[in-house]
Amino acid sequence: MAVGNYVSGAFCRRSSLSVPTLFKDVEDTRTLAQAIVDTVREPLLVLDGDLTVLAVSRSYCSIFRVQYHDVLGRALYVLGDGQWRIPALHTILEKIVRERAPMEGFEVDHVFPGIGRRVMLLNARKVFYADHARSSVLLAFEDVTERRTIEREKEELLRQTEELLLQKDVLLRELEHRVGNSLQMIASILMLKVRSVGSDETRLHLRDVYQRVMAIAAVQQHLHTSARFDHIEIGPYLTSLCESLAESMIGDSRSISLLVRVNGGTAEYATAVSLGLIVTELVINALKYAFPRERPSGQVFVDYHFDVLDWKLTVSDNGIGKAEGLNAEVEVLSGPEGVVVSLTHANPDLAASSLAAGA
């Protein structure tokens, strides 16, 4: 009785409230706390230091399909079918009680009673009261089942895409290999014909076809051996191509050099194929027509200048140059309706006479 009086007196001195008033304030505080918990949209539990449930939100009861009396006053680890009886979770929550360390993103994948498989993220914080004599733990739950499902579907789609791309690369390499073999076979047949025909003119035309086939084969071979199909290194590509052209068209009998100058850059596969065919045609024409007579220092240059997003390809030689020919201007017009190539010739003597008469 004396102890009871002492405790009552202590309460009165500290709070200056009567015992009924004090307990009424406590009940009001609990009611307010429960009202606050109920306003939280995410499932929420308020636990004491022993991890017993002090308050539960309506969203928790709704999502997990339980009643208040199934949760309040019960230990966390006996709720439901024991879904929270996880050693790692137990260790973290005990650490929160002892050291005030937060917990964020603890993932639980479980088949819950009544709602099936769900993936929950748990976050926890320790809350201190004004008198520092008590503390609680706020434990919040976030249902990320749909998010994890989308992530898994995305990962599976990415895996399937990568597998399809790998299959495409394998098929493309196999196709390139077969094309290369076919080109080599065609070149061999042409060379046999070159050696068997009696007409010099026919032999010249067959050799010309042979050289073009070998040039295309060189383009194909370099693309086939490239480590990547999406982008091709221009320097090694043009160098390898021109080495093949020089070997088939220059050899050791002609004093002509074929030089490649590239400052870097890559190109998409389709662009690289087009560049290779353009260089092949221009180089073949230069080697055939720029040096009709032997020259001690005949040179053909293949220049590729790369500047960030821009590039310039130039094929030049130090041969005899282009003959005047028709003395006409060539105009090329290209649009949605097609291509128009026009040659315009104007007689300079007649133009000069007209100007003199007008004067």
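Hydrogens, waters and symmetry mates are skipped; everything else that's a heavy atom, side chains included, is used. All values derive from a computational prediction rather than experimental measurement.
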Point to revise | Heavy-atom check, side chain of Phe112 versus side chain of Met120, under 4.5 Å | key: yes
Check your understanding: If you group Ile, Leu, Val, Met, Phe, Trp and Tyr by side-chain heavy-atom gaps below 4.5 Å, do Val97 and Val78 land in one group?
Key -> no
Review point. For the atom pair NE2 (His305) and CG (Asp310), what is the distance rounded to the nearest 0.5 Å?
Key: 9.0 Å
Practice item. May I ask you to decide whether Glu142 forms a salt bridge with Arg41, counting only side-chain N to carboxylate O separations under 4.0 Å? Key: no
Review point. Donor-acceptor pair, Arg261 side chain versus Asp303 backbone, under 3.5 Å?
Key: no
Check your understanding: Ion pair present between Arg147 and Glu151, side-chain N to carboxylate O less than 4.0 angstrom?
Key -> no
Review point. Do you know which two heavy atoms are closest between Cys242 and Val279, and how far apart they sit?
Key: SG-CG1, 4.1 Å
Review point. Between Ala286 and Asp317, what is the shortest heavy-atom contact and its length?
Key: CB-OD2, 3.9 Å
Exercise for review: Indicate, with yes or no, if Trp311 and Ile278 share a hydrophobic cluster defined by side-chain heavy-atom contacts under 4.5 Å among Ile, Leu, Val, Met, Phe, Trp and Tyr.
Suggested key: yes
Practice item. Look only at the side chain of Asp70 and the backbone of Gln67, and say whether a donor-acceptor pair between them is shorter than 3.5 Å. Key: yes
Review point. Step by step, would you call Tyr210 with Ile189 a side-chain contact (heavy atoms from CB on, under 4.5 Å)?
Key: CA-CA 9 Å; Tyr210 167 79; Ile189 294 173; over 6 Å; no
**Study point:** Side chain to side chain, Val56 and Val46, heavy atoms closer than 4.5 Å
**Key:** no
Practice item. For salt bridge (Lys or Arg N to Asp or Glu O under 4.0 Å), just list the numbers for Arg159 and Glu156, CA-CA rounded to whole Å, side-chain angles, deciding distance to a tenth of an Å, and then say yes or no. Key: CA-CA 5 Å; Arg159 185 194 65 79; Glu156 177 62 18; 2.5 Å; yes
Check your understanding: Would a 4.5 Å heavy-atom cut-off, applied to side chains only, mark Lys288 and Ile284 as touching?
Key -> yes
Check your understanding: Quick one: CG on Leu275 to CG on Leu277, what's the gap to the nearest 0.5 Å?
Key -> 9.0 Å
Check your understanding: Do Leu204 and Val194 share a hydrophobic cluster (ILVMFWY, side-chain heavy atoms under 4.5 Å, transitive)?
Key -> no
Review point. Under the 3.5 angstrom rule, does the side chain of Arg65 hit a backbone N or O of Ser62 as a donor-acceptor pair?
Key: no
Practice item. For Arg118 and Thr145, indicate whether the former's side chain and the latter's backbone hold a donor-acceptor pair under 3.5 Å. Key: no
Review point. Which ILVMFWY residues can you reach from Leu121 by hopping between side chains whose heavy atoms are under 4.5 Å apart?
Key: Val119, Val144
Review point. For Glu146, does the CD atom sit with more than 12 other heavy atoms under 6.0 Å from it, leaving out its own atoms?
Key: no
Review point. So how far is it from Leu138 CG to Arg125 CZ, rounded to the nearest 0.5 Å?
Key: 9.5 Å
**Study point:** Test log, rule side-chain contact (heavy atoms from CB on, under 4.5 Å), inputs Ile256 and Gln299
**Key:** CA-CA 6 Å; Ile256 301 174; Gln299 292 181 319; over 6 Å; no
Point to revise | Stepwise side-chain hydrogen bond (donor to acceptor under 3.5 Å, both in side chains) check, Thr52 with Asp50 | key: CA-CA 6 Å; Thr52 299; Asp50 296 325; 5.5 Å; no
Review point. Hey, does the side chain of Ser240 reach the backbone of Tyr237 with a donor-acceptor pair shorter than 3.5 angstrom?
Key: no
Point to revise | Hydrophobic cluster membership, Leu76 vs Tyr68, 4.5 Å side-chain cutoff | key: yes
Exercise for review: Could you walk me through whether Thr314 and Phe301 pass side-chain contact (heavy atoms from CB on, under 4.5 Å), step by step?
Suggested key: CA-CA 8 Å; Thr314 306; Phe301 299 96; over 6 Å; no
**Study point:** Cluster check Val209, Met185: I/L/V/M/F/W/Y, side chain < 4.5 angstrom
**Key:** no
Check your understanding: CG/Leu259 to OG/Ser316 distance, rounded to the nearest 0.5 angstrom?
Key -> 9.5 Å
Review point. Between Ala124 and Leu93, what is the shortest heavy-atom contact and its length?
Key: CB-CD2, 4.0 Å
Exercise for review: May I ask you to say whether Arg148 pairs ionically with Glu153, meaning some side-chain N is under 4.0 Å from a carboxylate O?
Suggested key: no
Review point. Does Gln160 CD have over 12 foreign heavy atoms under 6.0 Å away?
Key: yes
Practice item. Begin from the C-alpha positions of Val330 and Val341 and carry the test side-chain contact (heavy atoms from CB on, under 4.5 Å) through to its verdict. Key: CA-CA 7 Å; Val330 180; Val341 180; 4.3 Å; yes
Check your understanding: Would you find a donor on one side and an acceptor on the other, under 3.5 Å apart, between the side chain of Ser334 and the backbone of Val339?
Key -> no
Practice item. Considering only Ile, Leu, Val, Met, Phe, Trp and Tyr, and joining two whenever side-chain heavy atoms are under 4.5 Å apart, list the other residues clustered with Leu164. Key: none
Revision key, fill the gap. In terms of heavy-atom contacts, Val302 and Val283 come closest through CG2-CG2, 3.8 Å
Review point. Can you check whether Gly198's main-chain N or O pairs, donor with acceptor, with Thr202's side chain at less than 3.5 Å?
Key: no
Review point. What is the distance from atom OG of Ser188 to atom CG of Leu190, rounded to the nearest 0.5 Å?
Key: 9.0 Å
Exercise for review: May I ask you to test the Arg152-Thr149 pair for a side-chain heavy-atom distance under 4.5 Å?
Suggested key: yes
**Study point:** Closest non-hydrogen atom pair between Leu139 and Leu47, with its separation
**Key:** CD2-CD1, 4.2 Å
Review point. Does CD belonging to Glu329 count more than 12 external heavy atoms closer than 6.0 Å?
Key: no
Review point. Short question: side chain of Ser182, backbone of Arg178 - any donor-acceptor pair under 3.5 Å?
Key: yes
**Study point:** Backbone of Tyr77 reached by a side-chain donor or acceptor of Arg85 within 3.5 Å
**Key:** yes
Exercise for review: May I ask you to decide if Phe306's main-chain N or O and Asn263's side chain share a donor-acceptor pair within less than 3.5 Å?
Suggested key: yes
Review point. Going by heavy atoms in the side chains, are Phe291 and Ile320 under 4.5 Å from each other?
Key: no
Check your understanding: Looking only at heavy atoms, what is the nearest atom pair of Pro113 and Gln83, with distance?
Key -> CD-OE1, 4.1 Å
Point to revise | Spatial distance of atom CG (Leu89) from atom CH2 (Trp84) [nearest 0.5 Å] | key: 8.0 Å
